[in-house]
Amino acid sequence: MIDLTRRALQVAPELLGAHLTSRVGGEQVTVRLVEVEAYEGTDDPASHAYRGERPRNRVMFGPAGHLYVYRHMGLHHCANLVVGTEGTASAVLLRAAEVVDGADVAWRRRLASGVCRHERDLARGPARLAVVLGLTREHDGLAVGTGGDGLVTIEAAPSGTAIATGPRVGIAGAGPEAASWPWRFWVVGDRHVSATR
DNA sequence: CGTAAGATTTACT
DNA sequence: GTAAATCTTACGA
């Protein structure tokens, strides 16, 4: 199993290929993570925790293994897995995944709050992934189980997944330096990785 | 208290 | 390719 008490930069690549199961809302969906980004808290200009603890981001300052879910652009939700030790505000943004179980539920949720044509786009992008998993602000702070128990659980990937790295997406406003750091990780060649504009 | 900008997605020209 | 949707948080006055 993955040790979530290390910093995001170290945990993020290990989450690729891992299976995440959500039983939120009484329905089960399992995805295989194919794209994530690391955010390092108060030292990272692109992190929501950069300017210190706030009501919205307080979960990131807590212990590892909890969800940080935020609302973005009024309409969307994005989910992070809080890692690191208490007080570091380290987190990993879940950007894209492949649905491996509960596809019927995933399709229903996506079509209910938007449009989706291809299986490839089911969970391709952080907000889409949150929809598929049924996660909203209500689930901010929810504990993530690592032993198969809980509303949301995560299961380590078999090792050997080929990984690529690159700059994070959509953080130009945080400055050119942070925007250049290769803190985005994805599975090489996987079609479910999100498109970058 | 008012305003600006945002870890995005979708629709339209 | 470009813009609109939509609302919360954050920051300045």
Side-chain angles (χ1 to χ4, degrees), chain A residues 7-9 11-13 15-16 20 31 33-62 64 66-84 88-99 106-142 144 164-186 191-197:
Chain A
R7 57 190 312 210
L9 267 175
V11 177
L15 289 177
L16 294 178
L20 190 77
V31 302
L33 297 174
V34 298
E35 182 187 354
V36 298
E37 283 177 0
Y39 286 87
E40 286 294 356
T42 50
D43 295 327
D44 178 4
S47 171
H48 288 168
Y50 184 52
R51 291 169 192 284
E53 187 169 351
R54 296 270 186 283
R56 177 178 70 156
N57 62 22
R58 84 194 131 72
V59 174
M60 280 199 286
F61 288 83
H66 293 253
L67 292 178
Y68 165 53
V69 185
Y70 65 93
R71 185 185 274 286
H72 187 60
M73 298 313 249
L75 309 170
H76 311 293
H77 291 279
C78 301
N80 297 248
L81 180 60
V82 176
V83 301
T88 56
S90 208
V92 178
L93 171 68
L94 311 178
R95 281 198 61 89
E98 169 187 8
V99 175
W107 274 106
R108 178 155 27 86
R109 284 174 173 166
R110 284 281 284 122
L111 294 174
S113 61
V115 179
C116 186
R117 289 167 206 270
H118 308 290
E119 178 278 336
R120 170 184 191 171
D121 295 326
L122 262 183
R124 194 186 191 213
R128 292 164 171 176
L129 176 55
V131 167
V132 161
L133 296 176
L135 299 175
T136 70
R137 255 306 276 164
E138 294 173 25
H139 306 103
D140 187 49
L142 185 69
V144 176
T165 67
R168 292 175 291 181
V169 176
I171 58 163
E177 194 186 341
S180 73
W181 298 337
W183 288 6
R184 175 174 171 243
F185 304 84
W186 67 91
R191 305 185 323 239
H192 303 272
V193 172
S194 73
T196 58
R197 287 244 181 170

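In the text below, chain A, chain B and the rest are named by the order of the sequence lines, each starting its count at 1. No hydrogens, no waters, no symmetry mates; every other heavy atom, side chains included, goes into these values.
Taken together, the paired segments of DNA chain B that extend over three or more consecutive Watson-Crick or G-U pairs, each closer than 3.5 Å at both contacts, are B:1-6 with C:7-12, B:8-12 with C:1-5.
The side chain of Arg110(A) lies closest to dT10(B) when the candidates are dA7(B), dA5(C), dT10(B). The side chain of Arg197(A) sits closest to dT2(C) out of dT9(C), dT2(C), dC11(C).
Remark: the backbone N or O of Glu53(A) is not paired with any side-chain donor or acceptor of Arg58(A) at under 3.5 angstrom. Checked by atom type and distance alone, the side chain of Glu37(A) pairs as donor or acceptor with a backbone atom of Val169(A) at under 3.5 Å. A donor-acceptor distance shorter than 3.5 angstrom exists from the side chain of Arg110(A) to the backbone of Leu122(A), with no hydrogens or angles considered. Between the side chain of Arg168(A) and the backbone N or O of Arg184(A) there is no donor-acceptor pair closer than 3.5 Å.
Between Arg95(A) and the phosphate of dT8(B), there is a side-chain N or O to OP1/OP2 separation shorter than 4.0 Å. Residue Arg71(A) places none of its side-chain N or O atoms closer than 4.0 Å to OP1 or OP2 of dT9(B). Within the 4.0 Å cut-off from OP1 or OP2 of dT10(B), not a single side-chain nitrogen or oxygen of Arg117(A) is found. At least one side-chain nitrogen or oxygen of Arg51(A) sits closer than 4.0 Å to the OP1 or OP2 atom of dC11(C). Taking side-chain N and O atoms only, Arg128(A) has a distance below 4.0 Å to OP1 or OP2 of dT10(B).
Between the CG atom of Leu111(A) and the CZ atom of Arg117(A) there is a distance of 11.0 Å, given to the nearest 0.5 Å.
Under 3.5 Å, the side chain of Arg168(A) and the base of dT8(B) form no donor-acceptor pair of N or O atoms. Donor-acceptor pairing under 3.5 Å, judged by distance alone, is absent between the side chain of His72(A) and the base of dA7(B).
Between the CG atom of Leu93(A) and the P atom of dT8(B) there is a distance of 8 Å, rounded to whole Å. At whole-Å resolution of the value, CG in Leu129(A) and C1' in dT9(B) are 14 Å apart. Counting to the nearest Å, the P atom of dT9(C) and the CG atom of Asn57(A) are 11 Å from each other. His76(A) places its NE2 atom 11 Å from the C1' atom of dG6(B), with the value rounded to the nearest Å. Atom CE of Met60(A) is separated from atom P of dT9(C) by 13 Å (rounded to the nearest Å). Computed from coordinates, the Tyr70(A) OH to dA10(C) P distance equals 13 Å when rounded to whole Å. Distance, Leu111(A) CG to dT10(B) C1': 14 Å, rounded to whole Å. Rounded to a whole Å, the OH atom of Tyr50(A) is 15 Å from the C1' atom of dC11(C).
Mapped onto DNA chain B by nearest heavy atom, Ser113(A) and Glu37(A) fall at different nucleotides, with Glu37(A) at the one closer to the 5' end. When each of Met73(A) and Arg137(A) is assigned the nucleotide of DNA chain C with its nearest heavy atom, Met73(A) is the one assigned upstream, toward the 5' end. Each of Ala172(A) and Arg124(A) has a nearest nucleotide on DNA chain B; the 5'-most of these lies closest to Ala172(A).
Contact annotation for Arg184(A): no contact, since no heavy-atom pair falls under 4.0 Å across all strands. Within 4.0 Å of Ala127(A), counting heavy atoms only, lie sugar-phosphate atoms of the nucleic acid but no base atom.
Under 4.0 Å is where a charged nitrogen must lie from a carboxylate oxygen, and between Asp43(A) and Arg7(A) no such pair does.
Proximity of Arg124(A) to His192(A): side-chain heavy atoms (C-beta onward) are nowhere separated by under 4.5 Å. Under the 4.5 Å side-chain criterion, counting only non-hydrogen atoms from C-beta, Ile171(A) is not in contact with Trp183(A).
An aromatic stacking contact links Tyr39(A) with the base of dA7(B), defined here by ring centres under 5.5 Å apart and ring planes under 30° from parallel.
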